[in-house]
Amino acid sequence: MNERIFQTTHRDAGSKARTGVLSLGHGDVVTPAFMPVGTNGTVKGIYHEKVARMGYNLILGNTFHLYLRPGLEVLSRYSGLHRFSHWNGNILTDSGGFQIFSLPGLRRITQEGAHFQSPIDGSRHFFSPEKVVDIQHVIGSDIAMVLDWCTPPDIEHGEAVKAWKMTYDWAKRSLARRNELGEEFKGCLFGIVQGNFYKDLRKESAQALSEMDFPGLAIGGLSVGEKPEVFKEFLEYTAAQLPDEKPRYVMGIGSPDYLMEAMENGIDLFDCVLATRMARNGTVFTDDGPLVLKRSFNEFDMGPISEGCQCTACRDYSRGYLRHLFKCGEMLGGMLATEHNLAYLHDLVEKARQAIREDRFIEFKAGYLARYMSNKYKSGK
RNA sequence: GGAGAGGUUCCCGAGUGGUCAAAGGGGGCAGACUGUAAAUCUGUUAGCUCAGCUUUCGAAGGUCCGAAUCCUUCUCUCUCCA
């Protein structure tokens, strides 16, 4: 059942970075790979067709959201999310653990699972690890994630122990449920490492999950409000505990600098809402740092966001026009910016893969970040 | 020509003697955003040598300890009637 889904194709000579191929139900994914987030079965502000044409073959959906809307009956009648949403590539679904974590006051976690209230209508629901596997089975996820308990920074050691032990127990139950479904369950199920910001717990969690029958492992509970140095320290530490032969996925990171850190540490997958959310809010990635399109200095700028970028925004429109769209609240602005940010990250990761293949990832990263982090467009303040 | 209403800080618009540099919108400017309760949220928006001081509510005078608020004149706008 647990066939090998990942092959490393090259290892960078100067770091732990690696390239590989992930073979999933809807085609291969070259790694490292960034995964755009499409929580509700749509990557906000862009056609699936464009996402696919850009080169993305693995996007996210969210168990929590899709269970609440449109609900399992609809998804089941459509034979899953691929057909429902007309996406022919791969889909990874997050379990909803992060959403439940994000609903303080609306949730209660017990050994059995998570009780929560819908943020849509206040109705009460319950997710057990088994049920979450079942829902993702209905969705038809190519990669399903176990239900986990994500914790914020600055919690007590004792509480962090409780959370990761719970996540571990839930992981075992998730696997058991997957095994019950047998061949019917077409996707692969990934485990999630927790352990908060305690190295002993990260290590225990990573080792415990590594010994289990998961075809891939994720690092959860990072980028939840901790400082960048802390993120980096725990990313590096935790990644090193994971088995080399399985794909490693860091959940929820998407700024260029975080992606670089992840790739350097041998991470193969990452996803984030940042690119698409920032885009809708008017900020685009450039090699010189993030650019807020609404800012006044763009008014007469007839150049593209990024020279050489192949996206529609850069190909057909100027910074001045994009500024105008955002100032008018025109939805095209958000759509174009979304396309740009996704194209930008795709290009960036492709450049990184190329650097890895040529054993020069460290120089590539240093050169890129020196320019990106100088943040040319940051205001004086 | 007659009757009435009114001119408030970039705009709209509250405010009818001190607690008003003046509510609230809008616009402007800036900041944030990292497994999406987000096409969202936050800050700021007279000037200065920002504690404090100076100028500001159509204009000019006046009353008062004190005026965006009261009085006089002027000016402009709008509505209705001729």
Side-chain angles (χ1 to χ4, degrees), chain A residues 34-46 58-66 68-69 92-107 116-122 132 141 143-151 167 190 192-194 218-228 231-232 235 249-259 261-262 267 269-285 290 292-299 323 325-338 341 345 375 377-381:
Chain A
F34 171 73
M35 304 180 280
V37 179
T39 307
N40 285 312
T42 165
V43 179
K44 293 183 196 297
I46 187 166
L58 175 54
I59 65 173
L60 261 74
N62 194 290
T63 306
F64 175 88
H65 298 259
L66 294 166
L68 292 175
R69 263 189 326 212
L92 179 153
T93 39
D94 183 27
S95 62
F98 186 79
Q99 278 57 51
I100 291 162
F101 152 76
S102 310
L103 296 173
L106 292 176
R107 61 167 156 87
F116 63 93
Q117 276 185 271
S118 162
I120 302 164
D121 61 4
V132 166
S141 312
I143 297 177
M145 301 303 298
V146 299
L147 184 66
D148 67 327
W149 183 354
C150 186
T151 52
T167 297
F190 279 24
I192 304 177
V193 174
Q194 287 291 346
I219 299 174
L222 290 184
S223 200
V224 287
E226 77 282 8
K227 292 200 166 81
F231 162 78
K232 192 173 164 181
L235 166 71
Y249 161 31
V250 173
M251 310 182 79
I253 63 162
S255 60
D257 50 321
Y258 274 33
L259 296 193
E261 292 304 331
I267 299 303
L269 297 169
F270 19 75
D271 75 284
C272 199
V273 305
L274 188 69
T276 47
R277 179 184 289 169
M278 283 202 335
R280 274 177 279 120
N281 294 336
T283 304
V284 287
F285 294 130
V292 178
L293 289 167
K294 268 198 274 202
R295 287 189 58 192
S296 48
F297 59 70
N298 291 303
E299 189 172 10
R323 166 179 144 93
L325 293 179
F326 273 101
K327 292 193 66 105
C328 295
E330 287 292 339
M331 66 170 83
L332 182 61
M335 292 170 69
L336 289 168
T338 296
N341 277 354
L345 290 188
N375 207 347
Y377 305 111
K378 195 181 174 86
S379 76
K381 182 171 169 270

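So that the names make sense, note that chain A is the first sequence line, chain B the second, and so on, each numbered from 1. Here the structure is a predicted model, which means the values were calculated and not measured.
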Between N or O atoms, less than 3.5 Å apart, protein on one side and nucleotides 25-28 of chain B on the other: list the pairs.
from, atom 1, to, atom 2, distance (Å)
B:rG28, OP1, A:Lys327, NZ, 3.1

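On the P atoms, B:rA32 is 28 Å away from B:rA22, given to the nearest whole Å.
Partner of A:Met145 under the side chain to side chain contact (heavy atoms under 4.5 Å, CB included) criterion, chosen from A:Leu60, A:Thr93, A:Thr63, A:Ile192: A:Ile192.
A:Asn298 places its CG atom 10 Å from the P atom of B:rC29, with the value rounded to the nearest Å.
In this view, A:Phe231 and A:Tyr258 satisfy the ring pair (Phe, Tyr, Trp, His ring centres under 6.0 Å) rule, not counting sequence neighbours. In this structure, A:Lys327 has no salt bridge (Lys or Arg N to Asp or Glu O under 4.0 Å) partners at least two apart in sequence or on a different chain. Residues passing the salt bridge (Lys or Arg N to Asp or Glu O under 4.0 Å) test with A:Glu261 are A:Lys232, A:Lys365, sequence neighbours excluded.
Across all strands, A:Thr283 comes closer than 4.0 Å to base atoms (heavy-atom distances).
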Per-nucleotide protein contact string for nucleotides 37-42 of chain B, where B marks a base within reach and S marks sugar-phosphate only (heavy atoms under 4.0 Å, - for neither) = BBBB--

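A:Thr338 places no side-chain N or O within 3.5 Å of a backbone atom of A:Ala279 that could act as its donor or acceptor partner.
Between the base of B:rG35 and the side chain of A:Asp148 there is a donor-acceptor pair shorter than 3.5 Å.
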What pairs of donor and acceptor atoms, side-chain ones from residues 95-107 of chain A against any protein atom, are under 3.5 angstrom apart with sequence neighbours left out?
from, atom 1, to, atom 2, distance (Å)
A:Ser95, OG, A:Gly97, N, 3.2
A:Ser95, OG, A:Val146, O, 3.0
A:Gln99, OE1, A:Asn62, ND2, 2.9
A:Ser102, OG, A:Phe98, O, 2.7
A:Arg107, NE, A:Ile100, O, 2.7
A:Arg107, NH2, A:Phe101, O, 3.4

